[in-house]
Structure formats: structure tokens, C-alpha cells
Asks: 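Provided herewith is a single structure, encoded as C-alpha cells, for subsequent inquiry.
Scope of the values below: all heavy atoms of this structure, side chains included, with no hydrogens, waters or symmetry mates. Computed from a prediction, not measured in an experiment: that's the story for all the values here.
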Amino acid sequence: MKSNHTIQAAIDLTAGAAGGTACVLTGQPFDTAKVKMQTFPNLYRGLMDCAVKTYKQIGFRGFYKGTSPALIANIAENSVLFMSYGFCQRVVRHVIGLGKNAPLSNLHNATAGSIAAAFASLALCPTELVKCRLQAMHEMKLSGNIIEGQNTVWSVVKSILRTDGPMGFYHGLSSTLLREVPGYFFFFGGYELGRSLFISGEKTKDELGVLPLMISGGIGGISLWLVVFPVDCVKSRIQVLSMMGKQAGFIRTFGRILRNEGVLALYSGLTPTLIRAFPANGALFVAYEYSRKLMMKQFDE
């Protein structure tokens, strides 16, 4: 018989994958608009302008460019994230001297989520690189930065391997870590705080229904993006523009954006991100919590 920790890790990993799938299916068009606006802020006046131009130039499918790697990225990230989150919660309990099943405070849960995000970044970076390049491929050709674009996941993967080798998949890793580690402190902190607000009487967090979980997940998602959006903007630039050759690192790219485009360029694409954050992260946590409960029930019987 496998240990309880192994079973728990497998449940968290599977529930995280379910959450990641729900997140992508709910919010992909807004994520595409975010990447386009971050990478080419001068091409679009706002969300509606980006949506109209994308539809006219590419059609409805343009909003779903990069969906396959987005699914892989989110399934990989959230599987590792929630599996690591469960492990980090046990570590935090041990460090602060709590019992095995003692509830953690919102602050302790936020800390566990922040540490878990470092592990998730390693799984996320390669797949998000492919996703971002596919999403911004049309703009790269339009601006004359590349002559021939790649329109499939495999063609982008081959291009990265041919140009930069296996380590090319980790373009933007430092900015991914800079986004994920502080971001997920606020993500899990906001989610747990949201759940706390819905507790009344004898009800526990685990007994909350779909609507409170959706709202709490939305609070977590918005908290994350408000804090780390400028870092995400720099990451998108590095990952997309590295198609043209060696791209500057985080500090130099950040400085170049500030110097040439101003501070507001770091917030280009914030509107679709915040619109997406509520339903997408709400769906993520509903899928995670309910699939986790279902699997836990099977093993408890």
C-alpha cells in the first residue's frame, strides 16, 4: 500500500490538472489579447481595438492561437503547483510546530503557495514560451521582425531547438520566477482570505459551494495580476522577441521599456487580464476543489 503522502500528492496533481484545464477553456481569448497588447502596445489602442483587428485579420481562430500549448502549460503548471502546495503546507506546519492536520492561517497558506510556485515555474516556462510566440506570431510578421512565421506548436518547437537548443525553452525563466513566487503569495493569500469571508457559524472552508469558490478564486487571480503585471509584460517581451535572436535579460528589457515607452507600457494588456482573471481563476479553483473532494472521498471509503 502506498503511503498517504504519495496518494495525497497524486490527488493534488490530478486536481491541479483539472483546474488548469478549466482555467484555459474559460479565459484563452483574453490571454491572447493580453500577450498581443503586451508585446506590441503601439499596434492596439485598447482591448476592443485588439479584438476587432484580430478578428478582421485572422478570424475567430485568432483568439485561440496557442490554445494547445496553453493547455499543456496550465496543466503542467497547476499539476506541479498544487502538488507542491500540499507538500509546502506540510513543511510550513512542521516549521511553525503545528500538528499534521491543523489548519493553517491565510498568511501561512500564502507562504506555502509562494514556495510551491518556484517549482511550478520550471514546468511552466517552456510551454508558456511556445504559447506566447504562437499568440504574437501574426504581429511579428506584420512588424517585419520575422519573414516567415510558424503556425503550429511543432514548428515553434523545432525553431527553438534549431536556434537555441534545449535551453532555449527557458528564455524568460528569471522573469517567470520573479512573477510566480511573489504573485502566488497574493494568489493563494487572496483565495484563502476570500474563503474566510464566506465562513459563517459552524461552516468550514471545505463546505463552501460553487459561487463562494468562484468569487474567492477571482479575488486570488486579480490579487496576483495587480501585483505582478509589469513583470509579466517584461516576460512576454523576452519570450516573443527572442525569436529574432539573442534577447536582453530582465533588467535590460525592463529598463528599455521604461526608457523608450514609459511606465504605462508595462501595463498594456491589463484590462483583458483582469477581465479574464475572475472567471478563469474562479473556474480553476472550483474544478480543483470539487475534483479533489471527489478523489479524496474514493480513497476514504
Side-chain angles (χ1 to χ4, degrees), residues 4-23 26-27 74 77-117 119-120 180-227 276-301:
N4 288 336
H5 287 332
T6 304
I7 292 171
Q8 186 63 62
I11 288 172
D12 288 337
L13 186 143
T14 307
T21 303
C23 183
T26 308
N74 273 269
E77 180 192 21
N78 286 290
S79 296
V80 176
L81 177 68
F82 282 101
M83 183 179 69
S84 302
Y85 182 50
F87 172 75
C88 291
Q89 283 177 314
R90 292 197 293 274
V91 171
V92 170
R93 283 191 185 95
H94 177 74
V95 169
I96 62 177
L98 289 178
K100 182 180 174 183
N101 296 312
L104 291 171
S105 69
N106 294 336
L107 179 62
H108 291 141
N109 278 316
T111 303
S114 180
I115 299 167
F119 298 103
E180 300 288 284
V181 173
Y184 276 92
F185 178 89
F186 291 94
F187 182 71
F188 282 103
Y191 173 64
E192 293 296 343
L193 178 62
R195 288 209 298 170
S196 298
L197 297 175
F198 286 104
I199 296 173
S200 59
E202 297 296 314
K203 184 177 275 191
T204 66
K205 286 181 177 180
D206 291 334
E207 296 172 309
L208 293 175
V210 172
L211 186 59
L213 289 177
M214 282 285 294
I215 294 172
S216 300
I219 292 170
I222 285 176
S223 300
L224 181 152
W225 286 113
L226 285 175
V227 171
R276 169 186 175 271
F278 223 95
N281 290 291
L284 185 155
F285 275 109
V286 168
Y288 168 74
E289 295 287 0
Y290 274 84
S291 58
R292 186 173 181 273
K293 276 183 199 172
L294 184 65
M295 286 182 283
M296 293 282 282
K297 192 182 291 183
Q298 298 300 316
F299 283 99
D300 286 341
E301 289 174 355

Asks: Looking only at non-hydrogen atoms, find the nearest pair between V181 and S114 and report the distance.
Replies: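 The answer is O-OG, 2.6 Å.
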Asks: Just distance, no hydrogens or angles: give the donor-acceptor pairs under 3.5 Å from side chains in residues 281-290, sequence neighbours left out.
Replies:
{"residue": "N281", "atom": "ND2", "partner": "A277", "partner atom": "O", "Å": "2.9"}
{"residue": "Y288", "atom": "OH", "partner": "R292", "partner atom": "NE", "Å": "3.3"}
{"residue": "E289", "atom": "OE2", "partner": "Y191", "partner atom": "OH", "Å": "2.7"}

Asks: Applying ring-ring contact (aromatic ring centres under 6.0 Å, His included), can you list everything that pairs with F188, at least two apart in sequence or on another chain?
Replies: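 Counting only residues at least two positions away or on another chain, F188 forms a ring-ring contact (aromatic ring centres under 6.0 Å, His included) with F82, Y85.
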Asks: Tell me every residue that passes side chain to side chain contact (heavy atoms under 4.5 Å, CB included) with K205, counting only those two or more places apart in sequence or in another chain.
Replies: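 Scan of K205 (side chain to side chain contact (heavy atoms under 4.5 Å, CB included), adjacent residues dropped) gives N106, E192, R195, S196, I199.
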Asks: Tell me, please, which residues at least two apart from T14 pass side chain to side chain contact (heavy atoms under 4.5 Å, CB included).
Replies: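 Result, side chain to side chain contact (heavy atoms under 4.5 Å, CB included) vs T14: M295.
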Asks: Check S79 against L13 and note the closest heavy-atom contact, atom names and distance.
Replies: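 Taking S79 first and L13 second, the nearest heavy atoms are OG-O, 3.4 Å.
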Asks: Can you give me the closest heavy-atom contact between P279 and M214, atom names plus distance?
Replies: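 Residues P279 and M214, closest heavy atoms: O-CE, 4.2 Å.
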Asks: How long is the span from the CZ atom in R90 to the NE2 atom in H5, to the nearest 0.5 Å?
Replies: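 Between R90 CZ and H5 NE2, I get 5.0 Å after rounding to 0.5 Å.
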Asks: For L104, which residues count as a side chain to side chain contact (heavy atoms under 4.5 Å, CB included) partner, sequence neighbours excluded?
Replies: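 If we apply the side chain to side chain contact (heavy atoms under 4.5 Å, CB included) test to L104, skipping adjacent residues, the hits are Q89, V92, R93, I96, L98, H108, N109.
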Asks: If a pair satisfies salt bridge (charged side-chain N to carboxylate O under 4.0 Å, His left out) and one of its residues is in residues 212-221, list it, with sequence neighbours excluded.
Replies: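 Checked against salt bridge (charged side-chain N to carboxylate O under 4.0 Å, His left out) - neighbours excluded - no pair reaches residues 212-221.
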Asks: Heavy atoms only: give me the nearest A112-C88 pair and the separation to one decimal.
Replies: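 That closest heavy-atom pairing would be O-CB, 3.5 Å.
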Asks: With rounding to the nearest 0.5 Å, note down the distance linking CG in D12 to CE in M296.
Replies: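 It comes to 8.0 Å.
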Asks: Looking at residues at least two apart in the chain, or sitting in another chain, which of them share a side chain to side chain contact (heavy atoms under 4.5 Å, CB included) with I215?
Replies: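 Applying side chain to side chain contact (heavy atoms under 4.5 Å, CB included) to I215 gives F198, L211, I219, F278.
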Asks: Looking at S223 and F187, would you say the former's side chain and the latter's main chain have a donor-acceptor pair under 3.5 Å?
Replies: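 No, S223 side chain to F187 backbone: no donor-acceptor pair under 3.5 Å.
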